[in-house]
Every structure is written in structure tokens, then in C-alpha cells.
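Worth knowing before you read on, the calculation uses all heavy atoms, side chains too, and leaves out hydrogens, waters and symmetry mates.
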Amino acid sequence: MNLQNIPQIKHTDSGNFFLLAGPCAIEGEEMAMRIAEKTVAVTDRLKIPYVFKGSFKKANRSRIDSFTGIGDEKALRILEKVSKEFGVPTVTDIHTEEDAAMAAGFVDILQIPAFLVRQTDLVVAAANTGKTVNLKKGQFMSPESMKHAVQKVIDCNNNNVMVTDRGTMFGYQDMIVDYRGIPTMQQFATTVLDVTHSLQQPNQMVGVTGGRPEMIETIAKAGIAVGVDGIFIETHFDPANAKSDGANMLHLDLFEGLMSKLVAIRQTINKF
């Protein structure tokens with residue numbers, strides 16, 4: 001995938017990794033703009049190619065009373081506003097074939113959630129919009145098997161496809177990142193490491209996913225060290241009160257420090 005095919009993406013000649021970052025879910029306009037203002041300022045200063053991330057709805061919830069969104073069109077229009085006001089591309093995940101055409105009218109990248117990446121009709125619907133497609137690797141899938149998901153997009157005459165590793169199930173309530181999978185998946189697609197979802201602790205008794213946010217820096221550093229193309233991080237200014245995935249998000253106050261460290265590691269790696 002040619003990164004320059006993503007509308008409005010900047011700093012593609014910097015030699016840096018690219019970044020998909022933002023809140024787990026769009027909770028409202030003020031919170032989205034606040035997070036975007038910080039992440040755009042930092043990535044511009046460090047010359048990191050940046051895509052703002054936010055889910056317009058959350059369909060995969062542990063409990064029926066969990067937050068699912070503020071309304072599809074309302075959230076998508078907030079993503080559109082972020083893109084216009086800050087001049088950055090945006091990405092959101094979709095869950096149905098109908099979502100693909102709707103979301104494509106507002107964002108630049110359509111993301112297929114890990115649990116749905118083998119759903120052929122969904123992948124094809126995303127590919128047929130002509131938008132860049134980000135395929136999250138299923139927690140239950142091998143890196144090698146993601147080749148077939150990528151091929152589905154390519155067979156729709158859409159070469160703008162990337163894959164994102166978000167960890168593999170380890171027992172019932174933990175995830176693990178197998179860094180051997182990164183060069184494997186890079187053989188057939190641009191490859192991203194989803195740092196924060198790789199630190200989830202799912203299937204908790206209370207019905208709310210846990211996490212290990214103290215390990216975000218460790219996982220991210222290792223990903224850059226092995227040469228991943230991009231990094232995916234969810235961030236929020238108040239993770240404890242975030243409406244989705246707060247247990248494994250990076251606090252926004254820590255965002256700049258982590259990005260500075262990752263850029264320094266990438267600059268070192270580029271010398272080899």
C-alpha cells in the first residue's frame with residue numbers, strides 16, 4: 001500500500017512510522033476535538049504521518065447495557081469535522097455491509113474489526129467503496145492466514161489495504177503479541193501494530209474488558225524495533241471515565257513523551 005494514497009496524510013517523506021490514534025469511541029464533539037488538537041500538534045512537530053481514529057459506534061460489547069455510540073450520523077459528522085478542521089485523514093471501524101457505504105461518505109479508511117475479518121461480504125463491501133481498508137488480524141488467526149483476507153480486498157481491484165496485529169488470545173483472559181508475525185504479514189501488506197488492544201484482558205466476570213496500560217510503552221517500543229510500518233494507539237484525556245476500552249488506553253498526557261521515544265527508536269533503526 002502506498003501511504004500517499006490516503007487523502008491529507010502528511011510527512012510521508014520523514015522516514016517515520018505512521019500512526020493511527022484517537023479515542024476508542026466518539027463520545028461527543030468536544031472530546032474528539034480536544035484529543036485531535038493534541039495528537040495533531042504532536043505528530044506535526046515530530047513529522048509522524050497521522051490518521052485520527054474514532055469508532056462511530058461500538059457493536060461488539062460484552063453487555064447489553066454497554067455504551068454503543070451517540071448516533072451513527074452524528075458521530076460520523078464529528079469525524080468529518082476533525083478531518084476538515086485539522087487537515088488529517090480519519091479511520092473508523094464498520095460492522096455491517098450497510099455501514100461500509102455510509103461511513104465511506106465521511107472517513108478515509110474503513111477498518112474491519114478483528115472478530116469480523118473473515119466475513120467475506122463485509123470485507124468486500126469495504127473494498128468496493130474504493131477507500132483504504134484496514135484489516136484487524138483476528139485474535140484467533142495466524143499471521144499467515146491474513147494473506148487471504150488481504151487477497152479479498154485486492155480481488156476487488158483495491159490495492160489500498162493494510163493489516164493490523166492486535167494480539168493473539170492467550171488463555172481465556174489475556175493477549176500476547178507474537179512479533180514474528182510482523183515480518184510475516186509484511187510480505188503481503190503494510191503492517192500495523194495495535195498496541196493498546198494487544199493489552200486487553202477480555203472475558204472478565206464483570207462484563208467489562210480489563211487491560212494493562214502500564215505495558216503500552218514496552219509493546220510499542222518492541223514493535224518499532226522490529227520494523228513495523230505503523231502503530232495504532234487509543235488515547236483519552238480521562239481513560240478512567242472513557243465510555244469504551246478505558247482500561248487499556250494511553251492517557252493523553254503521556255502521548256507526546258511516548259511518540260518522542262518511538263521516533264528516536266525509528267531513527268536509530270533506519271540507520272541499519
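For F170, the CZ atom is loosely surrounded, since the number of other residues' heavy atoms within 6.0 Å does not exceed 12. Within 6.0 Å of the CD atom in E214, the count of heavy atoms belonging to other residues, nucleotides or ligands exceeds 12. Crowding of E37 atom CD: a count of heavy atoms from other residues, nucleotides or ligands under 6.0 Å not exceeding 12.
For the pair P113/H95, a side-chain contact is recorded, criterion being any heavy-atom separation below 4.5 Å from C-beta on. For the pair V82/M33, a side-chain contact is recorded, criterion being any heavy-atom separation below 4.5 Å from C-beta on. A 4.5 Å side-chain heavy-atom check between E80 and T90 finds every atom pair outside the cut-off. Contact annotation: the side chain of I78 never approaches that of F56 to less than 4.5 Å [non-hydrogen atoms, C-beta and beyond]. Within the 4.5 Å cutoff, the side chain of T190 has heavy atoms near those of the F18 side chain. No side-chain heavy atom of I48 sits less than 4.5 Å from a side-chain heavy atom of V42. Between P49 and N16 the shortest side-chain heavy-atom distance falls below 4.5 Å. You'll find the side chain of R77 stays beyond 4.5 Å of the side chain of K81, heavy atoms only.
Screening K53, R166, K137, K136 for a salt bridge (Lys or Arg N to Asp or Glu O under 4.0 Å) with D194, the sole residue that qualifies is K136. Between N134 and the options T164, N160, D93, a side-chain hydrogen bond (donor to acceptor under 3.5 Å, both in side chains) holds for only T164. Paired with L193 under the rule side chain to side chain contact (heavy atoms under 4.5 Å, CB included), one option of V228, D229, V226 passes, and it is V228.
Residues L110 and V51 fall into different hydrophobic clusters, defined by Ile, Leu, Val, Met, Phe, Trp and Tyr side chains chained together at heavy-atom separations under 4.5 Å. A single hydrophobic cluster is not seen to contain both L3 and V107; linkage of ILVMFWY side chains at heavy-atom distances under 4.5 Å, directly or through other members, places them apart. When hydrophobic clusters are built by joining Ile, Leu, Val, Met, Phe, Trp and Tyr residues whose side-chain heavy atoms come closer than 4.5 Å, directly or via intermediates, V91 is not grouped with I70. Side-chain heavy atoms closer than 4.5 Å link hydrophobic residues (I, L, V, M, F, W, Y) into clusters, and following such links, even through other members, never connects I6 to L19. There is no path of hydrophobic side-chain contacts, each under 4.5 Å, that joins L20 to L199.
Residue I224 holds its CD1 atom at 11.5 Å from CD of Q267, rounded to the nearest 0.5 Å. Atom CD of residue E97 and atom CG of residue L122 lie 7.0 Å apart, to the nearest 0.5 angstrom. Considering CG of L252 and OG1 of T235, their distance stands at 4.5 Å, rounded to 0.5 Å.
Closest non-hydrogen pair, A126 versus I94, comes out as CB-CD1, 3.9 Å. Of all heavy-atom pairs spanning V123 and V117, the tightest one is CG2-O, 3.6 Å. Among all heavy-atom pairs drawn from A242 and M249, the shortest one is CB-CE, 3.4 Å. Nearest approach of V40 to T43, heavy atoms of both residues: O-OG1, 3.2 Å.
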- Message: Test side chain to side chain contact (heavy atoms under 4.5 Å, CB included) on M259 and I233; report intermediate values, then the result.
- Response: CA-CA 11 Å; M259 290 302 111; I233 289 180; 3.8 Å; yes
- Go through the steps to decide whether M31 and I35 satisfy the test side chain to side chain contact (heavy atoms under 4.5 Å, CB included), and finish with yes or no. CA-CA 6 Å; M31 65 83 68; I35 294 170; 3.9 Å; yes
- What's the verdict on side chain to side chain contact (heavy atoms under 4.5 Å, CB included) for C24 and K58, showing C-alpha distance, side-chain angles and the deciding distance? CA-CA 9 Å; C24 178; K58 302 299 294 182; 3.4 Å; yes
- Message: K57 vs D99, test: salt bridge (charged side-chain N to carboxylate O under 4.0 Å, His left out). Steps then yes/no.
- Response: CA-CA 10 Å; K57 68 178 177 182; D99 285 349; 3.3 Å; yes
- Query: D165 and M146: side chain to side chain contact (heavy atoms under 4.5 Å, CB included), yes or no, with the steps?
  - Reply: CA-CA 10 Å; D165 194 338; M146 283 300 293; over 6 Å; no
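At least one donor-acceptor pair under 3.5 Å links the side chain of T191 to the backbone N or O of Q186. Between the side chain of Y50 and the backbone N or O of A21 there is at least one donor-acceptor pair closer than 3.5 Å. A donor-acceptor pair is defined here as one N or O able to donate and one able to accept, closer than 3.5 Å; such a pair exists between the side chain of T268 and the backbone of A264.
Looking at residues two or more places apart in sequence or on another chain, you find no salt bridge (charged side-chain N to carboxylate O under 4.0 Å, His left out) involving K47.
Sorted by first and then second residue, the ring-ring contact (aromatic ring centres under 6.0 Å, His included) pairs involving residues 231-255 (not counting sequence neighbours) are H197-F232.
For the 3.5 Å distance criterion, the side chains of T196 and N248 fail to qualify, holding no donor opposite an acceptor.
We find that K38 and E256 are joined by a salt bridge, their nearest charged nitrogen and carboxylate oxygen being less than 4.0 Å apart.
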